[in-house]
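Let me begin by presenting the structure, written as structure tokens, before commenting on it.
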Amino acid sequence: TQLLEQSPQFLSIQEGENLTVYCNSSSVFSSLQWYRQEPGEGPVLLVTVVTGGEVKKLKRLTFQFGDARKDSSLHITAAQPGDTGLYLCAGPAGGTSYGKLTFGQGTILTVHP
Amino acid sequence: EAQVTQNPRYLITVTGKKLTVTCSQNMNHEYMSWYRQDPGLGLRQIYYSMNVEVTDKGDVPEGYKVSRKEKRNFPLILESPSPNQTSLYFCASSIGGPAYEQYFGPGTRLTVT
């Protein structure tokens, strides 16, 4: 089973601060997805990274896929209270487990005004 | 409106009483899957289906059954629920498989006493 380890598990910061969330594995993934989930709702896709070394920007959010495709990071610049939520990384299994999708444990982000 | 619907949204039941949680999508997606979400564990995949009549186990299939007789529906069956199946359940679908954007339903909160 391919595992994804997210860190930190909890993050509580003040509005305007920067933060980084990490998603690490000992396995190679063909791609990684980042989702955001708000209370009472299902996760919603933020971005998919596919190429090793790839960097994608979504307004104040920057996503990076490691060169070896074993890790990814999410960096938020000047966090706002609206960024509060649960952030999840996810990766598809390959080989004989094709069809499986593995999620990290999630990072609960709270941004205080 | 493109969506994934789940019913019921909330369910309290007793140990051993068979139940079914329905999931339906109107996007003609081939891939559907079920997850359970528990604090600190992220989303764990229960079962997935690559297409009609094609289902396979995820990481935590024990105690669950699924069927995929029609493309749009993917019910989750708990034949003899136990308290350790108390959780928040999500159904998701995507156009082609786990590497594609997953569209999640609103969740079903199940309590087994």
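Only this structure's heavy atoms are used, side chains among them; waters, hydrogens and symmetry mates stay out. These numbers come from a predicted model, not from an experiment. All chains are named by letter (A, B, ...) in the order of the sequence lines, taking the proteins before the strands, and each is independently numbered beginning at 1.
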Option that, when pairs with chain B are counted at under 4.5 Å, heavy atom only, ranks first among A:Ser30, A:Pro92, A:Gly40: A:Pro92

Taking B:Phe90 as the starting point, is it possible to reach B:Leu110 by hopping between hydrophobic residues whose side chains are less than 4.5 Å apart? no

hydrophobic_cluster_shared for B:Met32 and B:Ile46, side chain cutoff 4.5 Å: yes

Looking just at side-chain N and O atoms, do B:Gln102 and A:Gln33 make a donor-acceptor pair shorter than 3.5 Å? no

Examine whether an atom of B:Arg109 lies under 4.5 Å from a heavy atom of chain A, and if so say whether it belongs to the side chain, the backbone or both; otherwise answer neither. neither

Could you look at B:Tyr103 and say if it's the side chain, the backbone, both or neither that has a heavy atom under 4.5 Å from chain A? neither

Any sub-3.5 Å donor-acceptor pair from B:Tyr48's side-chain atoms to A:Leu101's backbone N or O? no

Please classify the contact of A:Thr102 with chain B as side chain, backbone, both or neither, using a heavy-atom distance under 4.5 Å. side chain

Can you tell me if CD1 on B:Ile12 sees more than 12 non-hydrogen neighbours from other groups inside 6.0 Å? no

B:Tyr35 OH to A:Phe103 CZ distance, which is reported to the nearest 0.5 Å: 5.0 Å

Can you tell which part of A:Gln37 gets under 4.5 Å to a heavy atom of chain B, answering side chain, backbone, both or neither? side chain

For the hydrophobic clusters of this structure (ILVMFWY residues joined by side-chain heavy atoms under 4.5 Å, transitively), does one cluster hold both A:Leu4 and A:Tyr87? yes

Would you mind checking which part of A:Leu86 comes under 4.5 Å of any heavy atom in chain B, side chain (CB onward), backbone (N, CA, C, O), both or neither? side chain

Would you say that more than 12 heavy atoms from the other residues, nucleotides or ligands in this model lie under 6.0 Å from the OH of B:Tyr100, or not? no

First locate atom CG of B:Asp59, then atom CD of A:Gln2, and finally report the distance between them rounded to the nearest 0.5 Å. 10.0 Å

At their closest point, which heavy atom of A:Lys100 faces which heavy atom of B:Pro98, and how far apart are they? O-CB, 3.6 Å

Which pair of non-hydrogen atoms, one from A:Pro43 and one from B:Leu43, has the smallest distance, and what is that distance? CG-CD1, 3.8 Å

With a 4.5 angstrom heavy-atom cut-off, could you sort out which part of A:Gln9 is near chain B: side chain, backbone, both or neither? side chain

With the 4.5 Å side-chain cut-off for hydrophobic clustering, are A:Val47 and A:Phe65 part of the same group? yes

Residue, of B:Ser49, B:Ala99, B:Ala92, B:Pro106, that accumulates the most heavy atom pairs under 4.5 Å with chain A: B:Ala99

Interchain contact, B:Leu41 with chain A, by part (heavy-atom threshold 4.5 Å): backbone

So does B:Lys57 have more than 12 non-hydrogen atoms from other groups sitting under 6.0 Å from NZ? no

Linked, directly or transitively: A:Leu58 and A:Val111 (ILVMFWY side chains, under 4.5 Å): yes

Part of A:Tyr98 lying under 4.5 Å from any heavy atom of chain B: both

Is B:Gln6 close to chain A through its backbone or its side chain, or both, or neither, when contacts mean heavy atoms under 4.5 Å? neither

